[in-house]
Amino acid sequence: IIMSIQILQLESTTPDGIALKSYVCLPKTASEAHPVPAILVAPEWWGVVAHPQKVTERLAEAGFAAVAMDIYGEGKLTTDAAQANEWMNQMLADPDSLMARCKLIMQDFIDLEGVDKNRLGAIGFCFGGKIALDMAREGFPLKAVATFHGNPTPIQPAEQGKFTAKVLVAHGEADTMVSMAAIEALKQELDDAEVDYTVDVYEGAKHGFTNPDADKRAAENGVDLGYDADAAQASWEEMIDFMQDHLV
């Protein structure tokens, strides 16, 4: 069933005056009397482009409130890999600021009418996969985290008792940007912290396999990305089931 959804812009202002212009979608049924489970969406390094917006809309259609987080600020987005890499590295160089922006967006999002702050999850893509995991590592009140072709490298490793979210990892077997060794290291990290996780590896899938624009971006930028419709669909269905199990 495709629910009718409402779309709004959420503007959060950082202490130094930068406007974070996030994209929010809610099912029409969400209200103060009937709050719905909520999901933070951490985009790829391109910013809040069409792909994370579409993800947010699809989550609302599936019954969740969702926000595509503008962590760069001012709604900045790009299709140029060099520019995306520069912005990403600026954020990675100051993880405290990055996590503070995520927290600010989260607070403003869960304050919206119809959003259930007690049933909160996060999903992330590529760079956003790292952000989603780092939010859980930092002890954000997340019940479930899913990453798609995500960078699993931690700000600091997961700690038992602080990292309380369940984890779902969707990884492409042919991903040349995030190695299987990195995924093995993540498993070890989560084992050490006694985190409950599942890793799904999609045969033949490349980095960016969920993004319909991946082939175009690969051609424009000379980077090894690729859309895989089957892996995208299978991993999406797994993620929806996972979020329904842990948030609904």
Side-chain donor-acceptor pair present, Tyr23, Glu57, cut-off under 3.5 Å: yes
Taking every non-hydrogen atom, the tightest pair across Asn151 and Leu133: O-CD1, 4.5 Å
Thr210 and His149: side chain donor to acceptor below 3.5 Å: yes
Centroid separation Phe209 to Tyr227 less than 6.0 Å: no
Co-members of Ile39 in a cluster of I, L, V, M, F, W and Y side chains, linked at under 4.5 Å: Val41, Val55, Leu59, Phe64, Ile123, Phe125, Phe148, Leu168, Trp236, Met239, Ile240, Phe242, Met243, Leu247, Val248
Donor + acceptor pair across side chains of Gln107, Asp111 (<3.5 Å): no
Least distance between heavy atoms, Asp108 atom then Glu11 atom: OD2-O, 4.2 Å
Side chain proximity check, Leu186 to Val167, heavy atoms < 4.5 angstrom: no
Over 12 non-hydrogen atoms of neighbours within 6.0 angstrom of CD in Glu32: no
Lys117, NZ atom: more than 12 neighbouring heavy atoms under 6.0 Å: no
Reference residue Arg137; test side chain to side chain donor-acceptor pair (under 3.5 Å); the match among Gln156, Glu159, Glu189: Glu189
Residues, nucleotides or ligands: over 12 heavy atoms within 6.0 Å of Lys162 NZ: yes
Flag for Asp80-Thr78: side-chain donor and acceptor within less than 3.5 Å: no
Within 6.0 angstrom of Glu203 CD, more than 12 heavy atoms from elsewhere: no
Donor-acceptor side-chain pairing of Ser22 and Asp70 below 3.5 angstrom: no
Within one Ile-Leu-Val-Met-Phe-Trp-Tyr cluster: Leu40 and Leu8, side-chain cutoff 4.5 Å: yes
